[in-house]
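The chains referred to below are lettered A, B, ... by the order of the sequence lines, with proteins before strands, and numbering in each begins at 1.
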2 protein chains.
Amino acid sequence: MSDGSSGEGAKGAAPSRRKDARRNKEALLDAAAAVFVTSGVDAPVRDIAAAAGVGVGTIYRHFPTRADLIIAVYRHQVDACAEAGPALLAGGATPHAALGEWVALFVDFLVTKHGLAAVLHSDEAGFDALHAYFLDRLVPVCGQLLEAARAAGEIRSDIDAYALMRGIGNLCIGAESDPRYDARRLVELLIAGLRSPRHPLTGR
Amino acid sequence: MSDGSSGEGAKGAAPSRRKDARRNKEALLDAAAAVFVTSGVDAPVRDIAAAAGVGVGTIYRHFPTRADLIIAVYRHQVDACAEAGPALLAGGATPHAALGEWVALFVDFLVTKHGLAAVLHSDEAGFDALHAYFLDRLVPVCGQLLEAARAAGEIRSDIDAYALMRGIGNLCIGAESDPRYDARRLVELLIAGLRSPRHPLTGR
DNA sequence: GCCAAAGCGGAACGTCGTTCCGTATGGTTC
DNA sequence: GAACCATACGGAACGACGTTCCGCTTTGGC
């Protein structure tokens, strides 16, 4: 958000920085990914620094906030998920089915990232960027699927993508550490509850 | 769990302890309730101690774990919620409607307790007791409602009370601090998704 | 080889949960 | 009323953590 993220997207060019700086950033990314797997996304900063063989200062220089680090680690996967949305909509059977499949994709992603879902909802300062990134990237996709299903008359119309995404994220919390809790199943139920524009709960 | 919680349930008799000890415990309970409202259930221990006018050591003596304090503060409300279950089942229209009303009651309780839902799912050590208390108290009630609805043929049968309660709890996380997120609505959808034993998502 | 700028490591600081122990207090006994 | 001791109290002390800051090292252009 704040720093110069203008270029960066192209081939392999990020020549503005010194070589060792780029190398350290890379090492940090790799180390963080590894540590996240074993200790969860809220692993101590020092652990990540140690795993990368750098000092803690170096982490904060490259990733001012933990959220920035998490985003950097998972950016590719989130983007892939976002891009899968339209594809599913085009190739799938009904919009509602496509929505279900896409959501399952997202849930699979979240559930396999130890603690990500938990941190994703956290309103602690500093995680705003993480929040925003996921939301910016995924809510529009979800909205598109929702809109298509709505247009097809498959779902009730009074639910918005933002709330739904947050709900799905919340349902994934703790899923990785409790075998009795099946987040996938509950999300399925939630999506199923979206169906049928007849009457909600109150029979009016 | 550990200390002598044997009596305590009766009138006002808990004479085994010293007078000041009882007074402090009471002050702590009141202070905690007040602080929880303003700063959430994960307010710093020192704040609670200060609000009660005692030292931190006193908190830990009376409530070895933060979970114990939280349980003590909300015990009455949780119990009331648990007891409302059978009443709703007896008085309500259909079992599924009763389930919906009961769940709404629980959601209302959770949503108004700043941060409770968040801490309720947390698998950090020390919160096991809190977890266990809520689950022990509410899962059986939920199971009873679920069973009744199942017997009436109103819901699909392959969801268990534990997972459902955890899902509802999760959906309530962050509801108090985000006006765009309507936990009540999502829980309604989830309950609605329970309905109709026809076919889940896959059409088989 | 020289030098500024860029980058680095890790010590230092503040916050928090938790433990521990010297001291104060309540209740009991004479 | 005084003395005694178990009970309970307060808060200092400790360790883990996030975050900041600064003296030193490395890099890359000259």
Side-chain angles (χ1 to χ4, degrees), chain A residues 2-4 13-29 31-32 35-36 38-70 115 118-119 122-130, chain B residues 2-4 13-32 35-36 38-71 115 118-119 122-130:
Chain A
S2 54
D3 69 338
S16 55
R17 301 257 173 76
R18 248 167 56 174
K19 186 172 49 178
D20 57 343
R22 263 175 290 147
R23 178 162 35 82
N24 273 333
K25 188 166 186 172
E26 215 53 45
L28 235 12
L29 240 25
V35 172
F36 285 174
T38 61
S39 307
V41 295
D42 43 7
V45 181
R46 285 166 173 81
D47 288 3
I48 302 171
V54 305
V56 286
T58 302
I59 286 200
Y60 284 97
R61 195 164 319 100
H62 289 293
F63 306 99
T65 228
R66 178 192 292 275
D68 296 315
L69 180 55
I70 298 177
V119 104
S122 160
D123 52 356
E124 291 169 58
F127 286 108
D128 310 334
L130 182 63
Chain B
S2 53
D3 67 340
S16 53
R17 301 258 171 76
R18 248 166 56 171
K19 187 172 47 176
D20 57 344
R22 262 175 290 146
R23 177 164 35 82
N24 274 332
K25 188 166 186 171
E26 214 53 45
L28 234 15
L29 241 25
D30 290 349
V35 172
F36 285 174
T38 61
S39 308
V41 295
D42 44 7
V45 180
R46 284 165 173 81
D47 288 3
I48 301 171
V54 305
V56 287
T58 304
I59 287 199
Y60 284 96
R61 194 163 320 100
H62 289 293
F63 307 100
T65 229
R66 178 190 293 273
D68 296 316
L69 179 55
I70 299 177
I71 292 174
V119 104
S122 159
D123 52 356
E124 293 169 57
F127 285 108
D128 310 334
L130 182 63

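The nucleotide whose nearest atom lies closest to any side-chain atom of B/Ala21 is, among D/dG10, D/dA8, C/dG17, D/dA8. You'll find that the side chain of A/Thr58 is closest to C/dC8, out of C/dC8, D/dG18, D/dG11. Checked against C/dC8, C/dA11, C/dT19, the side chain of A/Val56 finds its nearest nucleotide in C/dA11.
B/Thr58 places a side-chain heavy atom less than 4.5 Å from the side chain of B/Arg61. Inter-residue side-chain proximity for A/Ile48 and A/Phe36 is flagged as met; some heavy-atom pair is nearer than 4.5 Å. Side-chain contact check for A/Asp68 versus A/Tyr60: every heavy-atom pair is 4.5 Å or farther apart.
A straight line from NZ of A/Lys19 to C1' of D/dG28 spans 9 Å, rounded to a whole angstrom. For the pair A/Tyr60 OH and C/dA11 P, the interatomic distance rounds to 16 Å; values are reported in whole Å. Computed from coordinates, the B/Ile59 CD1 to C/dT18 C1' distance equals 12 Å when rounded to whole Å. Atom P of nucleotide C/dC16 and atom CD of B/Glu124 are separated by 15 Å, given to the nearest angstrom. Taking atom CD of B/Glu26 as the reference point, atom P of D/dA8 lies 15 Å away to the nearest angstrom. For the pair B/Phe63 CZ and C/dT18 P, the interatomic distance rounds to 15 Å; values are reported in whole Å. Nucleotide D/dT19 holds its P atom 12 Å from the CG atom of A/Asp42, rounded to whole Å. To the nearest angstrom, P of D/dC9 lies 9 Å from CG of B/Leu28.
Toward the 5′ end of DNA chain D lies the nearest nucleotide of A/Pro44, the other residue of the pair A/Gly57 and A/Pro44 mapping further downstream. Each of A/Arg46 and A/Arg61 was matched to the nucleotide of DNA chain C holding its nearest heavy atom; the match closer to the 5' end belongs to A/Arg61.
Under 4.0 angstrom from either OP1 or OP2 of C/dC8 there lies at least one side-chain N or O belonging to A/Asn24. For D/dA8, neither phosphate oxygen OP1 nor OP2 lies less than 4.0 angstrom from any side-chain nitrogen or oxygen of B/His62.
Here the options are B/Arg22, B/Arg23, B/Arg18, the test is side chain to side chain donor-acceptor pair (under 3.5 Å), and the partner is B/Asp20; only B/Arg18 passes.
Looking at B/Arg18, its side chain has no donor and acceptor atom pair within 3.5 Å of the base of C/dG27.
In this structure, NE2 in A/His62 is found 7.5 Å from CZ in A/Arg17, a value given to the nearest 0.5 Å.
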